[in-house]
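Reviewing the structure listed below.
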Amino acid sequence: MKTIIIGGVAGGASAAARLRRLDESAEIILLERGGYISFANCGLPYYIGGVIRNQRSLTLQTPESFRARFNIDVRINSEAIKIEPSFKKITVKNLRTGECYEENYDNLVLSPGAEPFRPDIDGIDSPTVFTLRNIPDTMRIKEYIETKKPQSAVIVGGGYIGVEMAENLRIAGLEVSVVELADHLIAPLDFDMAADIHRYIKEKGINLFLNNGVKAIEDGGVVMQNGEVKADMIIMSVGVRPETALAKECGIEMNRRGSIVVNSRMQTNIPDIYAVGDAAEVRDFITNAPAFIPLAGPANKQGRVAADNIAGIPSEYSGTQGSAILKLFDMTIGATGLNEKSAAAAGIDYDKTYIYPASHAGYYPGAQNMSIKAIWDRKSLKLIGAQLVGFDGVDKRTDILAAAIRFGAKITDLAGLELCYAPPFGSAKDPVNMLGFTAENIITGKIKQFFWNDVEKLHHDGSITLLDVRTAAEVGRGKIDGSVNIPLDSLRERMGEIPQGKPVYVYCHTGLRSYIACRILSGSGFDCRNLAGGWRLYESVINERAVQDYVCGDCE
């Protein structure tokens with residue numbers, strides 16, 4: 001049996017290695033257009049920033065090591081230029097010599113990946129414009145910084161790679177600006193969870209231009225829809241698109257985005273041709289809808305599934321839920337599953353809540369709070385999404401919630417998880433447990449919520465009472481207009497100050513004290529609602545919106 005794999009890195013290299021482990025006698029050829037078959041894509045920004053100092057650290061396998069360990073015929077600088085499915089053969093061009101030759105196959109695996117999108121704007125071909133996909137791209141950026149000594153950079157696009165590049169160029173000493181067409185960074189997050197990131201990244205000296213796009217690139221900077229930014233170099237990071245022209249030419253089915261359509265076994269519509277990685281359409285694990293989610297972990301798993309099926313082992317890819325994590329200086333940002341926008345687009349009747357727990361026991365030094373948002377299906381109560389922003393401990397909670405989603409847990413199941421506890425690592429009631437407790441209270445009717453975007457809709461005609469149960473010192477640092485302050489510990493004694501017969505909307509700093517206040521008030525006959533996420537979330541989001549409104553108005 002002869003299998004040819006077009007493209008290495010995550011999907012192709014994983015398929016090749018898995019297939020060899022399953023079949024020692026198989027003939028396996030791995031074609032890679034570039035000079036590297038397996039490298040750490042996600043580590044590239046950190047080499048540019050100097051965090052990773054040795055270029056060799058980025059190379060996970062060399063052609064020589066791959067051949068030696070797996071007995072695979074690795075051909076770098078070799079581009080497949082034609083596929084003829086009816087004859088089960090491909091044409092390959094040796095990019096060093098220009099020679100073309102043909103190879104027959106029994107099975108073909110396509111792993112061409114995705115290429116950075118380059119918008120059709122004036123100046124896009126300037127020598128100061130870069131994209132980041134592979135090691136040669138990385139070396140070009142690194143060399144430009146070392147030889148040209150740029151003082152400033154603009155990152156166009158605020159996704160994961162864009163934000164990582166912003167951090168690493170800032171670490172390298174450049175003045176950095178990020179231009180993003182959407183109203184917030186990191187598309188898998190909702191705006192309310194991104195607000196803290198915006199504040200933090202600006203504190204680190206990075207300029208943000210949100211709700212803004214680039215119209216043109218000129219000498220010395222970029223022209224935006226609103227305003228201009230000076231820059232000695234520009235990194236385009238506005239997303240990627242599947243590199244599938246070769247597959248399309250031979251009749252392989254594509255979706256509208258240009259991704260290769262595959263079934264759960266990673267098989268295309270043409271027998272014995274498989275596709276994996278960023279070029280392949282996947283199914284969203286939660287909605288089962290077609291999706292484009294280019295991540296390294298899923299690509300590795302898809303390569304394994306394809307290899308299993310080639311070797312005669314029935315194997316299926318169960319879908320991608322989009323679990324991802326990002327380091328931003330000292331901050332950690334995690335997301336898994338659906339956000340509100342994608343849940344609404346899928347027609348899911350969902351509910352949500354926010355908590356702001358400490359990373360570990362508060363009495364042990366170094367505890368830091370993190371923001372957690374959970375989204376669940378009202379009908380099934382299944383957890384369908386989570387977003388986390390903070391510092392210590394965000395990574396492990398993101399992983400726990402990702403696993404919970406994968407195994408179909410209800411949001412209330414989180415309350416019963418038995419997680420490891422010692423003061424340096426967590427609390428007896430872990431943040432994940434607290435999510436379950438909070439959701440359980442909502443679902444069972446022990447508490448009713450209102451949200452930050454409901455505040456401006458509240459009547460100010462005396463038909464409700466807006467109650468702030470924080471301390472006077474906290475109120476002095478800011479409050480919601482029209483609210484009455486009665487600190488929680490005085491609430492029972494001062495309950496007579498709250499009008500009977502009116503709904504009471506309560507808030508505190510994070511939502512915990514106001515929950516306790518609502519239980520007290522509900523026990524005394526009041527109709528009470530708790531501000532989810534508290535003043536902390538409300539202030540963060542409202543201030544960020546005010547900043548954006550001011551900047552956009554100033555640009556106009």
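Note that the structure is a prediction, hence the values are computed from the model and not measured.
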Item to complete: For R118, check salt bridge (charged side-chain N to carboxylate O under 4.0 Å, His left out) against everything at least two apart and list the hits.
Response: D125
Fill in: For E281, all residues meeting salt bridge (charged side-chain N to carboxylate O under 4.0 Å, His left out), sequence neighbours excluded
none
Worksheet item: Roughly how far, to the nearest 0.5 Å, is the CE atom of M266 from the CD atom of Q302?
Response: 4.0 Å
Discussion item. Can you confirm whether Y105 sits close enough to I273 that some side-chain heavy atom of one is under 4.5 Å from a side-chain heavy atom of the other?
Written reply: yes
Worksheet entry | Minimum side-chain heavy-atom gap F117-P119 below 4.5 Å | yes
If we ignore angles and hydrogens, is there a donor and acceptor under 3.5 Å between the side chains of [X] and [Y]?
X	Y	value
D190	Q387	yes
S371	R536	yes
R406	T336	no
T332	D395	no

Worksheet item: Which residue pairs pass the salt bridge (charged side-chain N to carboxylate O under 4.0 Å, His left out) test when at least one of the two sits in residues 155-171, sequence neighbours left out?
Response: E167-K327, R170-E175
Practice prompt. Mind checking ring pair (Phe, Tyr, Trp, His ring centres under 6.0 Å) for Y350 and listing every partner two or more places apart, or none if nothing turns up?
Written response: none
Discussion item. Checking T353 now: which residues fulfil side-chain hydrogen bond (donor to acceptor under 3.5 Å, both in side chains) with it, not counting sequence neighbours?
Written reply: Q449
Worksheet item: For R33, which residues count as a side-chain hydrogen bond (donor to acceptor under 3.5 Å, both in side chains) partner, sequence neighbours excluded?
Response: E243
Discussion item. Testing the basics here: between L388 and M370, what is the closest heavy-atom pair and its distance to 0.1 Å?
Written reply: CD2-SD, 4.5 Å
Practice prompt. Answer yes or no: is there a donor N or O on one side and an acceptor on the other, between the side chain of T147 and the main chain of E143, under 3.5 Å?
Written response: yes
Item to complete: Could you walk me through whether Y354 and D192 pass the side-chain hydrogen bond (donor to acceptor under 3.5 Å, both in side chains) test, one step at a time?
Response: CA-CA 10 Å; Y354 308 80; D192 48 22; 2.5 Å; yes
Discussion item. With a 4.0 Å cut-off on N to O distance, would you call E64 and R69 a salt bridge?
Written reply: no
